[in-house]
Amino acid sequence: FSYWQCKECELVFINPLPEPDDYDKMYASEYHDQFYFKETLPDVKPLFNLIEKFVSKRSILDYGCGDGSFLEYFSSKGYECIGVEYDKNLVERLKKERPAIRFYSVDEFQDLNEAQLFEVIYLGDVLEHISEPVSFLRTLNQRLKPQGILMAQGPVENNRNLNLTFRKLVSSFSKNAIASHTPYHIFFSTAQNQEDLFKLTGFKTLSYEVYETSWPYPSKLSIHPLKAIQFFVGGISKL
């Protein structure tokens, strides 16, 4: 794969787009063990409070639910919860570990009764993995009840900040270097790219927030000189 950039909107994307067999390798079961299945639940209370401002009834679809911890919190608050994941082995594992929640593979979800609609659809770190985000969001929009909301959370990795500028500067000194890792993210967007996507797919913005993290630089100070520099760059970028 190589990375291309649109001269007009600055969106960075992988070319060619992944095929189904690529996705099978990218999102095998070990992917979720590496990045999810945390020992403690993430702090989703701020998201819960935001959702509660806009909905009166309580059904939520988490598309790309990972380890299911987000839904675990909402289930404890009385929400009817459904989770969808790509890997079928992961879905079977989630069904056993979180029996109070209904889990489906992508294929199983597509076969569900289309009359089943949701007050809330949540996408946590999902959009940047989708090869056809416009058709994907339009399809999800049809799964929302009238006045229902879509909540999307994830990185806008091409948004201008000190962290990104520094990384591009460093990489400019190694132009022949080729990344060999699996290209998990299909798109690297700006905040404007993301808002344009929502508008294009029929959504109206109720709330939108962008904040900076130190990632991929370390969040803790290290005695290693390079990691120490990265720590300070990440910290100043957040500031």
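Note that these values count all heavy atoms, side chains included, but never hydrogens, waters or copies made by symmetry. Being a predicted model, the structure only gives us computed values, none of them experimental.
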Side chain to side chain donor-acceptor pair (under 3.5 Å) partners for E128, two or more places apart:
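E128 satisfies side chain to side chain donor-acceptor pair (under 3.5 Å) with no residue once adjacent residues are dropped.
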Going by side chain to side chain donor-acceptor pair (under 3.5 Å), name the pairs with one or both residues in residues 186-200, residues two or more places apart or in two chains.
T190-N193, Q192-D196, Q194-Y208
Residue pairs fulfilling side chain to side chain donor-acceptor pair (under 3.5 Å) with at least one residue in residues 4-14, sequence neighbours excluded
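Output for this query lists S2-W4, E10-R160.
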So, taking the atom named [atom1] in [X] and the one named [atom2] in [Y], what distance separates them when rounded to the nearest 0.5 Å?
X	Y	atom1	atom2	answer
R167	S172	CZ	OG	13.5 Å
I51	N49	CD1	CG	9.5 Å
S135	I130	OG	CD1	9.0 Å
Q230	K227	CD	NZ	6.0 Å

Answer yes or no: is there a side-chain heavy-atom contact under 4.5 Å between [X] and [Y]?
X	Y	result
F188	L11	no
L123	Q153	no
L137	L197	yes
P18	I186	yes
M151	L50	yes
R102	E80	yes
N159	L164	no

L239 atom CG: more than 12 heavy-atom contacts under 6.0 Å
no
Is the number of heavy atoms from other residues, nucleotides or ligands within 6.0 Å of NZ (K145) greater than 12?
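It does: K145 NZ has more than 12 such atoms within range.
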Can you tell me which residue among I101, V126, L94 is in a side-chain contact (heavy atoms from CB on, under 4.5 Å) with C65?
L94
Residue of the set L61, D62, I60, V120 for which side-chain contact (heavy atoms from CB on, under 4.5 Å) holds with C81:
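The residue from L61, D62, I60, V120 that satisfies side-chain contact (heavy atoms from CB on, under 4.5 Å) with C81 turns out to be I60.
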Check: [Y] main-chain N/O paired with [X] side-chain donor or acceptor under 3.5 Å:
X	Y	answer
R138	L200	yes
S222	H224	yes
E119	S59	yes

Can you classify the ring geometry of F13 versus F187 as parallel (below 30°), tilted (30 to 60°) or perpendicular (above 60°)?
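Tilted, since the angle between the ring planes falls between 30° and 60°.
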Path from V134 to V156 over hydrophobic side-chain contacts below 4.5 Å:
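Yes, one cluster joins them.
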When you group the ILVMFWY residues by side-chain heavy-atom contacts below 4.5 Å and let the links chain together, are V106 and F118 in the same group?
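Hydrophobic grouping puts F118 with V106.
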Decide whether R93 and N89 meet the rule of one side-chain donor and one side-chain acceptor closer than 3.5 Å.
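Judged by distance alone, the side chains do not pair up.
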With distance as the sole criterion, is a donor-acceptor pair present between the side chains of S69 and D67 under 3.5 Å?
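The criterion, which ignores hydrogens and geometry beyond distance, is satisfied for D67 and S69.
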Could you go through the side-chain contact (heavy atoms from CB on, under 4.5 Å) check for N141 and F203 one step at a time?
CA-CA 8 Å; N141 202 350; F203 290 95; 3.7 Å; yes
All ring-ring contact (aromatic ring centres under 6.0 Å, His included) counterparts of F1, not counting sequence neighbours
none
Could you go through the side-chain contact (heavy atoms from CB on, under 4.5 Å) check for L140 and Y63 one step at a time?
CA-CA 9 Å; L140 286 187; Y63 198 104; 4.0 Å; yes
With sequence neighbours left out, what residues match E132 under salt bridge (Lys or Arg N to Asp or Glu O under 4.0 Å)?
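Testing E132 for salt bridge (Lys or Arg N to Asp or Glu O under 4.0 Å), a comparison that skips the adjacent residues, returns none.
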Salt bridge or not between E108 and K88? Use side-chain N to carboxylate O under 4.0 Å.
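No salt bridge links E108 with K88.
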With a 4.0 Å cut-off, would you call E52 and R58 a salt bridge?
yes
Could you check whether Y73 and Y79 have their ring centres less than 6.0 Å apart?
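So the answer is no for these two rings.
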When the aromatic ring centroids of Y122 and F70 are compared, is their separation below 6.0 Å?
yes
Regarding K77 and the six-membered ring of F48, is the cationic atom NZ or CZ under 6.0 Å from the ring centre and inside 45° of its axis?
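Positive - K77 is close enough to the ring of F48 and near enough to its axis.
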Identify whether NZ of Lys or CZ of Arg in R143 sits under 6.0 Å from the centre of the six-membered ring of F109 and within 45° of that ring's axis.
yes
For a quick test of your reading: what N or O donor-acceptor pairs under 3.5 Å do the side chains of residues 212-221 make, sequence neighbours left out?
unit_1	atom_1	unit_2	atom_2	d
E212	OE1	N161	ND2	3.4
E212	OE2	S237	OG	2.9
T213	OG1	W215	N	3.4

Does L150 form a side-chain contact (heavy atoms from CB on, under 4.5 Å) with F198? I'd like the steps, not just the answer.
CA-CA 10 Å; L150 171 80; F198 296 139; 4.3 Å; yes
Residue pair I14 / H185: nearest heavy atoms and the distance that separates them
CD1-O, 3.2 Å
Show your reasoning for whether side-chain contact (heavy atoms from CB on, under 4.5 Å) applies to F103 and E85.
CA-CA 8 Å; F103 293 100; E85 257 301 338; over 6 Å; no
